[in-house]
Amino acid sequence: MIRNGVEDEEKWLAAGIAGLQQNAFYMHRALDSNNLKDALKYSAQMLSELRTSKLSPHKYYELYMRAFDELRKLEIFFKEESKRGCSIVDLYELVQHAGNILPRLYLLCTVGSVYIKSKEAPAKDILKDLVEMCRSIQHPLRGLFLRSYLSQVSRDKLPDIGSEYEGDADTAMDAVEFVLQNFTEMNKLWVRMQHQGPAREKEKREKERSELRDLVGKNLHVLSQIEAIDLDLYKDMVLPRVLEQVVNCKDEIAQGYLMDCIIQVFPDEYHLQTLETLLDACPQFQPSVDIKTVLARLMERLSNYAALSAEVLPEFFQVEAFTKLNNAIGKVIEAQEDMPIAGVVTLYASLLTFTLHVHPDRLDYVDQILGACVQKLSGKGKLKDNKATKQIVALLSAPLGKYKDIDTVLKLSNYPHLMEYLDDATSKVMANVLVQNILKNKTCISTAEKVEALFELMKALIRDLDEDVNDELDVDDFKEEQNSVARLIQMLHNDDPEEMLKMICAVHKHILTGGPKRLPCTIPPLILNSLKFVRRLHSHDENAPEDEASAMPEKFFQILNQIIEALSIVPVPELALKLYLECAEAANDSDLEPVAYEFFTQAYMLYEEEISDSKAQVTAIHLIIGTLQRMHIFGVENRDTLTHKATGYSAKLLKKPDQCRAVYACSHLFWVDDQDNIKDGERVLLCLKRALRIANAAQQMSTATRGSSGSVLLFIEILNKYLYFFEKGVSQINVASIQSLIELITTEMQSENTTADPAADTYFASTLRYIQFQKDKGGAVGEKFEPIRHQVIIK
């Protein structure tokens with residue numbers, strides 16, 4: 001059915017073009033022979049093709065353009081005829097005798113254009129005559145194109161100020177009146193099209209009308225080009241007349257399009273000074289009009305106008321632009337009860353953009369907009385409309401982009417209330433926007449109150465949500481989110497210890513809601529940032545009385561102990577142990593022995609009760625040994641207790657090689673260079689001998705299985721420990737013990753039972769080169785190493 005209709009329309013168009021071209025041919029022949037009578041006859045017949053009612057607007061436009069081209073040629077002929085003495089007045093009368101009204105009016109407009117140019121009659125009279133006579137065509141499609149032709153041929157001949165066609169202040173009013181009248185009639189014809197035809201073709205008619213809208217809109221463009229229209233004339237006459245037509249037509253398509261035209265074609269200054277008039281019209285439009293887009297464009301233009309120069313800002317204040325726009329939006333939303341939530345939020349987002357341009361210092365205006373949006377969303381719960389949520393994100397992001405300062409945003413009381421309407425996924429997006437803004441601008445969060453407000457806004461990033469429990473998290477996204485949160489926690493700082501302690505407690509309260517997936521990501525940065533502050537606090541308080549200097553750090557350590565305990569719900573004992581040791585070392589730097597001892601005790605309890613994996617035990621015991629070695633605060637009794645436990649743990653590791661390495665690492669606990677009270681050569685030697693016995697046991701086990709290369713490597717590592725302490729001056733480590741160990745390694749490496757191990761060979765060769773290097777130094781060092789005998793191993 002549709003296919004046949006399209007084919008029929010193509011045939012009708014082809015027939016119309018053929019008839020038009022045939023008559024145009026005869027018209028040209030008459031023009032060439034200066035036969036005016038035949039030229040008018042054939043031109044009227046040519047224009048009769050435009051009387052068809054069978055074509056759609058798109059096809060009719062094709063036919064019209066061909067006729068338009070021919071009319072331009074006819075107009076040139078009329079101009080030449082008037083130059084040759086033909087009376088243009090007589091010609092104007094002559095064309096009115098054409099048989100059909102439509103061709104007659106096209107010819108009348110064509111001659112009228114020449115008539116005005118000849119200046120034999122006032123332009124205003126001819127224009128008035130033409131615009132009145134065009135009323136004879138009430139067929140919407142034909143009438144629109146006829147009046148469009150009238151507008152086209154007359155636009156450069158309007159009696160405007162400065163124009164050659166009788167331009168002065170009085171006659172310029174006739175030009176304005178002419179364009180307004182033509183616009184009014186065209187709009188009526190355009191709207192009438194909507195009501196012609198069956199209801200089932202409504203969608204088709206709307207599409208056709210949309211194709212014709214530029215014909216109507218061009219009148220407003222012409223109007224905006226008239227020099228005579230100053231602000232007063234625009235305010236008193238032009239805008240009221242145009243808006244009257246827009247409101248009274250009661251047509252959805254016309255109202256939306258024409259309002260957009262008004263906003264686009266007239267100057268920003270005019271819009272600002274007539275804002276109330278313009279806005280008062282909006283609530284009167286049809287409910288289906290997309291008024292949010294119209295107002296958004298108006299506010300966008302005004303925002304850009306304000307951004308051009310600070311000199312125009314007083315105008316905005318004078319006309320109370322914000323108040324008028326805010327009131328208008330409220331009225332529009334109230335008038336259009338069915339407006340979608342996305343539309344409501346879009347309106348407020350546009351108003352916020354305007355406000356941030358014009359009144360950036362008025363936080364009360366910004367908060368008022370957010371509050372109005374919250375009020376409209378009241379009772380709707382979490383929004384599920386993607387468009388609405390995107391607009392809320394845009395609304396909430398705008399102040400961040402403008403102020404680049406989270407402190408300013410946190411002053412907006414309605415900001416968190418608006419975030420409550422976002423679903424979990426979008427809350428995460430918005431929270432991430434907040435965090436990235438802080439990180440990008442390196443904003444320091446300096447009070448507990450700000451921490452509370454900020455972390456409440458960020459709760460989607462730090463609390464377990466339903467989707468997290470269901471294991472639907474994207475691993476990469478989750479890591480990136482938690483890295484951002486960790487970096488944010490590092491931005492917390494205040495020089496006042498009391499306030500800093502409150503901030504840490506506030507963060508602790510919030511991150512405890514994070515659940516087992518988030519706690520391992522959020523607790524470490526909080527601990528490390530706190531320890532950084534405690535160390536800085538200690539360095540500042542070195543000259544303070546002892547009681548005052550230690551009281552505040554102890555409070556910090558009490559809180560940190562509680563924070564680490566939270567990891568027990570995950571559980572991640574290895575991480576908790578590492579954090580306990582970090583705290584112990586910080587307590588050591590703050591000269592707090594009881595606190596440091598308590599953290600070590602907690603670490604040991606974790607090791608004994610929670611860490612059962614052999615690899616985790618090896619890592620943990622080396623962390624314990626390394627941290628304990630760096631401690632200087634402990635007295636003899638406490639240090640002996642902790643050292644004894646560490647060596648005991650080392651000897652109980654599952655695998656012999658791990659035991660050996662942990663035990664010889666413990667030797668460093670009994671000899672620390674910069675601490676004279678920790679230099680016990682006997683116990684160093686005891687650790688090394690114990691490690692050697694364990695290595696021998698490992699050798700016997702490996703020989704029975706796959707060869708003893710692994711044990712040889714252990715012997716070489718122990719040899720290096722002997723050399724280290726020998727060089728440090730531990731008297732119990734002598735040349736004989738080193739020589740004995742070298743010989744043992746040499747024998748083992750030459751044994752047929754030993755599997756070749758390039759790593760062990762290289763390590764031993766490097767060790768022997770080091771001994772030779774020390775000998776070659778000469779002096780006291782050379783003399784010390786000289787008695788050690790060694791040889792290159794060839795296997």
Side-chain angles (χ1 to χ4, degrees), residues 435 445-456 458-459 461-464 468 481-494 496-538 550-590 592 594-607 609-611 620 623-624 627:
V435 173
I445 311 303
S446 57
T447 67
E449 184 181 1
K450 291 176 184 176
V451 169
E452 285 284 356
L454 176 61
F455 275 70
E456 186 61 32
M458 288 169 46
K459 60 187 176 185
L461 290 180
I462 56 179
R463 294 182 186 175
D464 273 347
D468 303 339
E481 288 170 2
Q482 297 311 304
N483 283 338
S484 297
V485 174
R487 290 171 60 201
L488 173 70
I489 292 174
Q490 297 294 327
M491 306 293 288
L492 307 178
H493 178 74
N494 191 309
D496 178 14
E498 292 285 354
E499 190 63 33
M500 187 66 180
L501 190 61
K502 291 178 183 177
M503 290 163 61
I504 292 170
C505 292
V507 176
H508 178 214
K509 181 186 74 174
H510 282 279
I511 64 176
L512 279 181
T513 63
K517 291 183 179 178
R518 287 178 169 78
L519 286 177
C521 302
T522 51
I523 284 180
L526 179 59
I527 297 290
L528 295 176
N529 190 29
S530 303
L531 294 180
K532 182 172 64 175
F533 181 82
V534 169
R535 285 189 167 97
R536 189 185 302 116
L537 183 64
H538 175 71
S550 61
M552 187 52 68
E554 284 186 5
K555 291 182 180 178
F556 274 87
F557 285 122
Q558 287 173 7
I559 294 298
L560 296 182
N561 193 18
Q562 295 173 20
I563 295 172
I564 299 173
E565 285 178 1
L567 289 173
S568 61
I569 68 171
V570 179
V572 280
E574 297 93 336
L575 176 59
L577 182 141
K578 185 175 182 181
L579 293 175
Y580 278 132
L581 294 175
E582 290 279 0
C583 290
E585 194 166 356
N588 173 79
D589 297 341
S590 300
L592 297 172
V595 175
Y597 188 82
E598 175 61 25
F599 279 118
F600 256 99
T601 303
Q602 295 285 354
Y604 282 169
M605 288 173 59
L606 266 181
Y607 180 84
E609 298 173 6
E610 301 293 339
I611 301 179
L623 276 173
I624 289 171
T627 306

Within a strict 4.5 Å, meaning less than it, do heavy atoms of the [X] and [Y] side chains meet?
X      : Y      : answer
Ile563 : Leu560 : yes
Val485 : Cys521 : no
Leu567 : Leu579 : yes
Gln558 : Val595 : no
Leu519 : Val572 : no
Asn494 : Met503 : yes
Leu581 : Phe599 : no
Glu582 : Leu531 : yes

Inset, instruction - Tell me, please, which residues at least two apart from Lys509 pass side chain to side chain donor-acceptor pair (under 3.5 Å). - result: Glu452
Legend entry - Exercise: do Glu598 and Gln602 side chains pair donor with acceptor under 3.5 Å: yes
Legend entry - Listed partners of Glu456 passing salt bridge (charged side-chain N to carboxylate O under 4.0 Å, His left out), at least two apart: Lys459, Arg463
Inset, instruction - With sequence neighbours left out, write down each residue that passes salt bridge (charged side-chain N to carboxylate O under 4.0 Å, His left out) with Glu585, or none if nothing qualifies. - result: Arg630
Under the 3.5 angstrom rule, does the side chain of [X] hit a backbone N or O of [Y] as a donor-acceptor pair?
X      : Y      : answer
Asn529 : Leu492 : yes
His508 : Ile559 : no
Glu574 : Ala620 : no
Gln482 : Thr522 : no
Thr627 : Ile624 : no
Arg518 : Leu461 : yes

Can you see which heavy atom on [X] is nearest to which on [Y], and at what distance?
X      : Y      : result
Pro573 : Ile611 : CB-CG1, 3.9 Å
Ile523 : Ala566 : CD1-CB, 3.9 Å
Ser446 : Glu499 : O-CG, 3.8 Å
Met552 : Leu537 : CG-CD2, 3.7 Å
Lys450 : Ile445 : CB-CG2, 4.1 Å
Pro520 : Val570 : CG-CG1, 4.0 Å

From [atom1] ([X]) to [atom2] ([Y]), nearest 0.5 Å:
X      : Y      : atom1 : atom2 : result
Lys502 : Asp496 : NZ    : CG    : 8.0 Å
Ile504 : Phe556 : CD1   : CZ    : 4.5 Å
Lys578 : Cys583 : NZ    : SG    : 12.5 Å
Ile489 : Leu528 : CD1   : CG    : 10.5 Å

Inset, instruction - Begin from the C-alpha positions of His538 and Asp589 and carry the test side-chain contact (heavy atoms from CB on, under 4.5 Å) through to its verdict. - result: CA-CA 8 Å; His538 175 71; Asp589 297 341; 5.6 Å; no
Legend entry - Aromatic centroids of Phe600 and Tyr580 separated by under 6.0 Å: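 They do not qualify: ring centres at least 6.0 Å apart.
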Inset, instruction - Take Glu554 and Leu592 through the side-chain contact (heavy atoms from CB on, under 4.5 Å) test and state the conclusion after the steps. - result: CA-CA 8 Å; Glu554 284 186 5; Leu592 297 172; 3.9 Å; yes
Inset, instruction - Kindly check if the number of other-residue, nucleotide or ligand heavy atoms within 6.0 Å of CD (Glu449) is above 12? - result: no
Legend entry - Lys532 vs Arg536, side-chain contact (heavy atoms from CB on, under 4.5 Å): CA-CA, chis, key distance, verdict: CA-CA 6 Å; Lys532 182 172 64 175; Arg536 189 185 302 116; 3.7 Å; yes
